[in-house]
Amino acid sequence: MIAYFVMEAALESDIPTYSGGLGILAGDTIQSFADLEVPALCVTLLWKNGFTDQKISPDGVQLDSSQEWDINKYMKPVGTTVKIPLGEKDIALTAYKYPVKSLKGNHEIDVFLLTPDLPENDVETRRLCDRLYIEGGTTRLKQEIILGIGGYELLKALNFKPFLYHVNECHSAFLIGGLMKDLKELSRVRARVVFTTHTPIPSAFDRFEMKDVDALINRYCDSDLLYNIYREKLSETAELNLSWLAIKNAKNVVAVSRKHKYVSEAIFPGYRLKYVTNGVHHVKWASPHHRELYSKYINGWEEDADLLREAVSIPDNEFSKAHMLAKESLIDMVNSETGASFLPETFTIGMAKRVTHYKRNNLILWQPDTLIRVAEKKGGIQIVFAGKAHPSDEDGKNMIKAIHDSAAYIASKTKAVKVAYLENYNIFKASIMASGADLWLNNPTRPLEASGTSGMKASLNGVPNLSVLDGWWLEACIEGVNGWGIGPKTAWTDLSYSNDHEDLHDIYGKLEFNILDLYYKHFSEYLNIMKMAVATIPTHFNTNRVVSEYVTDLYLTSIVTCYHEAERGWVCEI
Ligand SMILES: *Cc1c(COP(=O)(O)O)cnc(C)c1O
């Protein structure tokens, strides 16, 4: 059994236990575990009040409130309770179980969502895991101890004997403390841990003051043990850095794209990383219209995403009809939610993701007069944005405000550019947007996009990307054939940062001289690019391929260790 640990998991659009790409990737990976019948389970936290319920005020300010949801409608309690020491207290934990069924319905993966919300605990403890990514005090540290140590102990209580722990991003790295306690030898622990790193910014790693960690876990395990393991590198600091903890205790450390491998190796000097480039679940993210289209022309595409290469021979009229239907769903959503009066015949750009500084969500609006000139000359542009800023991310919130203000300026100058912002971005909206736009825009600052996945959802639905050549797109982009790049195509090992103005110049330039003419004047050529996006992108950038690579490159080696251990009398399940 493989135990996949993750802080957030996107299971359904209405279960708000996710904030962005990490949770979406977890949800898609679990679906592929189920489809490929991999013996795995997932451990995550039950975020009772979700991340943030986003409203945007008439003057463009993000307003946050908690996301209430009816847990019992979606999942059942497992009925088992475990106790872990947390500081002076012993706290009780339980979990809810959400089964993810394979597409064929013949296999299930259990997702265990841990919660301390039990009557045995005091009020403060009960509420520890209410909100995802909450900051302040030691709440975050306690959440991560609950995830790592609580999750490890709960699996033991439920009688699971995983041979491998996949620490998907460092938040769950405290499970290493549990393994140390039980296995005692570092080499035995290491053989059982795989670590996927997602963060290319060292300052964003989880770091906690050693004295806080020690005070909270010293009755569970020897915290010095954890500290010593990574201290060699950061000798003077009295902090526990969970990424370092994970990296030093994992047999395999994995980046989420080829570029990200090199970026991460510079962050973790002396370590060699593997990489498994992210993917999306190709059936989940196909719009209903595209599912119907692919099923009509590409027999077997659900089981085998490789077959989508046949998309190139789908008749033009059928291909563009599916796109038009998906686009109408998007336009309806934009018009009914925002009153922006988008038109179905106007070229429409989608841009949606978490709103945070490095993603530069509002870049395309930086020079509104240039955008207006291009749109007036070439036939009109509609841009639909969506995305939440973290409630305490002022930069992110300012970007939403800036989009609002630019939209008002543009509306006062022209009818050729329309801008709309959809509130409360979620799986459902992502699916409508990524299938209904004519172009998917993604312009984070290079080299900070570890992978990115929203552009994969777009490509799957025949929506070409205009995206920074970073993360997954550096692997996927064939310029002018399946989409377009922003910024220079740099070497894998090049760690230089994007130049904002150079990127902006590319965005306006490619729209003016390539993209808009193809769309408005040579639509059959635009259609070819749309088809090439389907034929060349989801065929590789899908989670069935991700999971296959996990199994062959990461998990198999641990199975071998497991057999050796079995000879020494240590029990684990495959
Ligand atoms: C796919 C998705 C993301 C990730 O988007 P990126 O552009 O890859 O950062 C975030 N949130 C939701 C709701 C998504 O569906």
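Just so we're clear, the structure is a prediction, and the values are computed from it rather than from any experiment. Numbers for residues simply follow the sequence, beginning at 1.
The CG atom of Asn168 lies 8.5 Å from the SG atom of Cys42; values are rounded to the nearest 0.5 Å. Distance CG/Leu518 to NZ/Lys378: 10.0 Å, rounded to 0.5 Å.
A donor atom on one side chain and an acceptor atom on the other are not found under 3.5 Å apart for Asn278 and Thr453. Under the 3.5 Å distance criterion, with hydrogens and angles disregarded, no donor-acceptor pair is assigned to the side chains of Ser336 and Asp332. Side-chain polar atoms of Ser431 and Trp285 form no donor-acceptor pair below 3.5 angstrom. Between Gln54 and Glu423, the side chains place no donor N or O within less than 3.5 Å of an acceptor N or O (distance only, hydrogens not considered). A donor and an acceptor atom, one from each side chain of Gln382 and Asp438, are nowhere located under 3.5 Å apart. Checked by atom type, the side-chain pair Ser435/Ser287 shows no donor-acceptor distance below 3.5 Å.
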Identify each donor-acceptor pair in which a side-chain atom of residues 399-409 lies under 3.5 Å from a protein atom, sequence neighbours left out, and give them as a table.
from   : atom 1 : to     : atom 2 : distance (Å)
Lys401 : NZ     : Asp59  : O      : 2.8
Lys401 : NZ     : Asp405 : OD1    : 3.3
His404 : ND1    : Asp59  : O      : 3.4
His404 : NE2    : Pro58  : O      : 2.7
Ser406 : OG     : Ala402 : O      : 2.8
Tyr409 : OH     : Asp369 : OD1    : 2.8
Tyr409 : OH     : Asp369 : OD2    : 3.4

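Counting all heavy atoms, side chain and backbone alike, Met351 lies closest to Leu441 at CE-O, 3.8 Å. Closest non-hydrogen pair, Trp472 versus Gly452, comes out as CD1-O, 3.3 Å. Heavy-atom minimum distance, Tyr520 versus Phe347: OH-N, 2.9 Å. In this structure, Gly279 and Leu25 approach most closely via the heavy-atom pair O-CD1, 3.8 Å. Here the shortest heavy-atom pairing between Lys327 and Glu345 reads NZ-C, 4.3 Å. Among all heavy-atom pairs drawn from Ser320 and Leu527, the shortest one is CB-CD2, 3.9 Å.
Lys415 pairs by the salt bridge (Lys or Arg N to Asp or Glu O under 4.0 Å) definition with nothing, not counting sequence neighbours. By the ring-ring contact (aromatic ring centres under 6.0 Å, His included) test, Tyr526 pairs with Tyr519, sequence neighbours left out. By the salt bridge (Lys or Arg N to Asp or Glu O under 4.0 Å) test, Asp110 is found to be paired with Lys97, residues two or more places apart in sequence or in another chain being considered. Partners of Asp35 by side-chain hydrogen bond (donor to acceptor under 3.5 Å, both in side chains), not counting sequence neighbours, listed by chain and number: Gln31, His281. Scanning for side-chain hydrogen bond (donor to acceptor under 3.5 Å, both in side chains) contacts around His540 gives an empty result, with sequence neighbours left out. The side-chain hydrogen bond (donor to acceptor under 3.5 Å, both in side chains) test applied to Lys296 returns Glu318, not counting sequence neighbours. With sequence neighbours left out, the salt bridge (Lys or Arg N to Asp or Glu O under 4.0 Å) criterion links Lys377 to Glu512. For the salt bridge (Lys or Arg N to Asp or Glu O under 4.0 Å) test, residues two or more places apart in sequence or in another chain that qualify with Lys101 are Glu108.
The backbone N or O of Ser467 lies less than 3.5 Å from no partner atom in the side chain of Asn442, so there is not a single donor-acceptor pair. With hydrogens and angles disregarded, no donor-acceptor distance shorter than 3.5 Å links the side chain of Asn461 to the backbone of Val463. Remark: side-chain polar atoms of Trp69 are paired, donor with acceptor, to backbone N or O of Lys48 under 3.5 angstrom. With Asn465 contributing its side chain and Gly483 its backbone, the two residues share no donor-acceptor pair below 3.5 Å. Judged purely by atom type and a 3.5 angstrom limit, Glu502 has no side-chain atom pairing as donor or acceptor with the backbone of Gly487. Looking only at distances, no side-chain donor or acceptor of Ser451 sits under 3.5 Å from a matching main-chain atom of Ser257. With hydrogens and angles disregarded, no donor-acceptor distance shorter than 3.5 Å links the side chain of Tyr297 to the backbone of Ile314. No donor-acceptor distance shorter than 3.5 angstrom exists from the side chain of Lys418 to the backbone of Val384, with no hydrogens or angles considered. Put simply, the side chain of His260 gets close to the backbone of Val256: a donor and an acceptor are under 3.5 Å apart. With Asp53 contributing its side chain and Asn424 its backbone, the two residues share no donor-acceptor pair below 3.5 Å.
Residues Trp473 and Val468 form no side-chain contact, since every pair of their non-hydrogen atoms from C-beta on lies 4.5 Å or further apart. The shortest distance between side-chain heavy atoms of Lys429 and Glu337 falls below 4.5 Å. Looking only at side-chain heavy atoms (C-beta outward), Glu302 and Ser295 come within less than 4.5 Å of each other. Residues Arg446 and Leu469 have side chains not in contact (no heavy-atom distance under 4.5 Å, counting atoms from C-beta outward). Annotation: side chain of Glu8 is not in contact with side chain of Thr17 (no heavy-atom distance under 4.5 Å). Using a 4.5 Å heavy-atom cutoff, the side chains of Trp484 and Ile529 are in contact. In this structure the side chain of Pro391 reaches within 4.5 angstrom of the side chain of Arg131, judged on heavy atoms. With a 4.5 Å cut-off on side-chain heavy atoms, Leu113 and Tyr98 count as touching.
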Show your working on side-chain contact (heavy atoms from CB on, under 4.5 Å) between Val194 and Ile2 and close with a plain yes or no.
CA-CA 10 Å; Val194 167; Ile2 292 142; over 6 Å; no
Worked verdict on Glu169 versus Val6 for side-chain contact (heavy atoms from CB on, under 4.5 Å):
CA-CA 7 Å; Glu169 193 47 303; Val6 68; 5.9 Å; no
Could you give me the CA-CA distance, side-chain angles and deciding distance for Lys284 and Ile427, then say whether side-chain contact (heavy atoms from CB on, under 4.5 Å) is met?
CA-CA 10 Å; Lys284 247 166 96 168; Ile427 295 180; 6.0 Å; no
Salt bridge (Lys or Arg N to Asp or Glu O under 4.0 Å), that's the test. Do Arg360 and Asp503 meet it? Break it down for me.
CA-CA 11 Å; Arg360 300 187 297 186; Asp503 286 0; 2.6 Å; yes
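By the 30° and 60° cut-offs, the orientation of the rings of Tyr550 relative to Tyr555 is tilted.
For the ring pair (Phe, Tyr, Trp, His ring centres under 6.0 Å) condition, the pairs that include at least one residue of residues 9-68, sequence neighbours left out, are Tyr4-Phe33, Phe51-His390. Within the structure, salt bridge (Lys or Arg N to Asp or Glu O under 4.0 Å) contacts touching residues 532-545 (residues at least two apart or in different chains) are Arg545-Glu549. Applying the side-chain hydrogen bond (donor to acceptor under 3.5 Å, both in side chains) rule to pairs touching residues 307-317 yields Asp316-Lys531, sequence neighbours excluded.
Taking 4.0 Å as the cut-off between side-chain N and carboxylate O, Lys274 and Asp553 do not count as a salt-bridged pair. Between Asp14 and Lys73 no salt bridge is recorded (no basic side-chain N to carboxylate O distance below 4.0 Å). A salt bridge does not link Glu292 to Lys321: none of the charged nitrogens lies less than 4.0 Å from a carboxylate oxygen.
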